[in-house]
> 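So that we are looking at the same thing, I have put the structure below in structure tokens.
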Amino acid sequence: MPELPEVETIRRSLSDWIRKSRRQVEGLKVFREELLKNSTIEELQDKFGGAFIDSLERRAKYLIFNFSNHHSIVLHLGMEGRLLLDNKRLENVQLIVYFGDNSELYLDDIRNYSRLYFVRSDEVGELNSISKLGIEPFTNDFTFENFSALLDSRQEIKRLLLDQSKIAGLGNIYASEVLFICGIHPERQANKLTMKEAQRLYKGIPELLGKAIEKRGTTIFKYRDIDGSKGEFQNYLEVYGRKGKNCGRCGGTIEEMEQGGRKTYLCPSCQSLRKD
DNA sequence: AGTATAACCTGTCTGC
DNA sequence: TGCAGACAGGTTATAC
């Protein structure tokens, strides 16, 4: 489910929430042990009892909780995982964290794809999942030089944009959307994009993600912010999920295709297979 | 090394 | 109405 804008929305909400009051872990309960990828329930309970949440970071689609005991929890919400501050919408609870001020944080995931890693804070970057991630929009590493270097690949551009080891944070929704916005056909070979097209993508990616963050993410199905509220960016999607509807730019018909087992949406007349 | 496919889960929707 | 099959925001192990 959550791509970069959704995870960033959750991170900001949780940051506000810990700013309101120091959140000290009183205990935690794990309901599905497979959630824990590199630790046991006992280790988690031992380590985090009494610890305060100091800060929250995000790397790509991973949320990183930094605790006062110099350890961190790295969480990926998979396809449909969500973090909620009340138990009104729970469907399949994976984890409950109990805090000293009587608040509770629930990890809910009907599809069991969420994953939790537990590491020393100074070793977060060494986690396999984190170390493999590519350049991240909104950071100093996201230069045009770095971006254009990773376009040096025969891969189709849509597949490349989904490859987290190249660019980290885009998922199936925003990959389709950004290619529409930039007028690039999803099957174009990455290393055959023109300089202008590469520049449009380089600007277009953070622009689109920034707008989606402003609208607090895209709720198509399960995604919710920590208070249960939906995002609004689904109202601004131009192609994703709009098969058969009209293109807002040219009036043509939005089409659906498949790339690497995932749906891609495009406007064939705005996104030509030929170069500019 | 780099890239493509299958597998992981479970609820929901579609079409026969 | 019932049921098989397809599909869903993602990642990763395995196979070329």
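Atom set for the values below is all heavy atoms of this structure, side chains included, hydrogens, waters and symmetry mates excluded. Everything quoted here is computed from the prediction, not taken from an experiment. Just so it is clear: chains get the letters A, B, ... in the order the sequence lines come, proteins before strands, and each one is counted from 1.
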> Expressed in angstrom and rounded to an integer, what is the separation of A/Glu80 atom CD from C/dG10 atom P?
11 Å

> Under 3.5 Å, is there a donor-acceptor pair between the side chain of A/Asn38 and the main chain of A/Phe118?
yes

> Salt bridge check: are A/Arg89 and A/Asp86 linked by an N-O gap of less than 4.0 Å?
yes

> Please check the phosphate of C/dT11 (OP1 and OP2 only) for any side-chain N or O of A/His76 closer than 4.0 Å.
yes

> Find the distance A/Gln259:CD to C/dC7:C1' and express it as a whole number of Å.
17 Å

> Given atom CG of A/Leu161 and atom P of C/dG10, what is their separation to the nearest angstrom?
12 Å

> Dot-bracket for DNA chain B: what is it, with Watson-Crick or G-U pairs under 3.5 Å, [ ] where a pair crosses earlier ones, and | for a pair to another strand?
.|||||||.|||||||

> Scan A/Ser129 against the nucleic acid and name what it touches under 4.0 Å (heavy atoms): base, sugar-phosphate only, or nothing.
sugar-phosphate

> Output the single nucleotide from C/dT12, B/dC9, C/dT11 whose closest atom is nearest the side chain of A/Gln164.
C/dT11

> Taking only the side-chain heavy atoms of A/Lys263 (C-beta and beyond), determine which of B/dT10, C/dC7, C/dT12 contains the nearest atom.
C/dC7

> Can you give one letter per nucleotide of nucleotides 1-8 of chain B, 5' to 3': B if a protein heavy atom sits under 4.0 Å from the base, S if only from the sugar-phosphate, - if neither?
--SSS--B

> Looking only at atom P, what distance separates B/dG11 and C/dT11, rounded to whole Å?
22 Å

> Give the rounded distance in Å between these two atoms: OH of A/Tyr174 and P of C/dA8.
17 Å

> Backbone N or O of A/Ala60 within a donor-acceptor pair of the A/Arg58 side chain at under 3.5 Å?
yes

> Using OP1 and OP2 only, check whether a side-chain N or O of A/Lys222 sits under 4.0 Å from C/dA8.
no

> Students often get this wrong, so: under 4.0 angstrom with heavy atoms, is A/Ile110 touching a base, only sugar-phosphate, or nothing?
sugar-phosphate

> Anything under 30° is parallel, anything over 60° is perpendicular, the rest tilted; go ahead and classify A/Phe233 against A/Tyr236.
parallel

> Check this for me: does any side-chain nitrogen of one of A/Lys211 and A/Glu214 sit under 4.0 Å from a carboxylate oxygen of the other?
no

> Once you round it to whole Å, what is the distance between P of C/dA8 and CD of A/Glu256?
7 Å

> Between B/dT5 and C/dC7, how far apart are the P atoms? Round to whole Å, please.
16 Å

> Of all the choices, C/dT11, C/dC7, C/dT12, which nucleotide is nearest to the side chain of A/Lys61 once you look at every atom?
C/dT11

> Let me know the distance between CG of A/Leu75 and P of C/dT11, rounded to the nearest Å.
13 Å

> Check the angle between the aromatic planes of A/Tyr117 and A/Tyr62 and answer parallel, tilted or perpendicular using the 30° and 60° thresholds.
tilted

> Hey, are A/Asp54 and A/Arg22 close enough for a salt bridge, meaning a charged N less than 4.0 Å from a carboxylate O?
yes

> Mind checking A/Phe233 for me? I need base, sugar-phosphate or nothing, with any heavy atom below 4.0 Å counting as a touch.
nothing

> Does A/Asn246 offer a backbone N or O that forms a donor-acceptor pair with the side chain of A/Arg242 under 3.5 Å?
yes

> In this structure, how many angstroms lie between the C1' atom of C/dA13 and the CZ atom of A/Arg115, rounded?
13 Å

> Please report the shortest heavy-atom distance between A/Ile205 and A/Pro137, naming the atom on each side.
CG2-CG, 4.1 Å

> If I take atom NZ in residue A/Lys243 and atom P in nucleotide C/dC7, what distance separates them, rounded to the nearest angstrom?
10 Å

> For A/Phe147 and A/Phe142, take the angle between the two ring planes, folded into 0 to 90°, and tell me which bin it lands in: parallel under 30, tilted 30 to 60, perpendicular over 60.
tilted

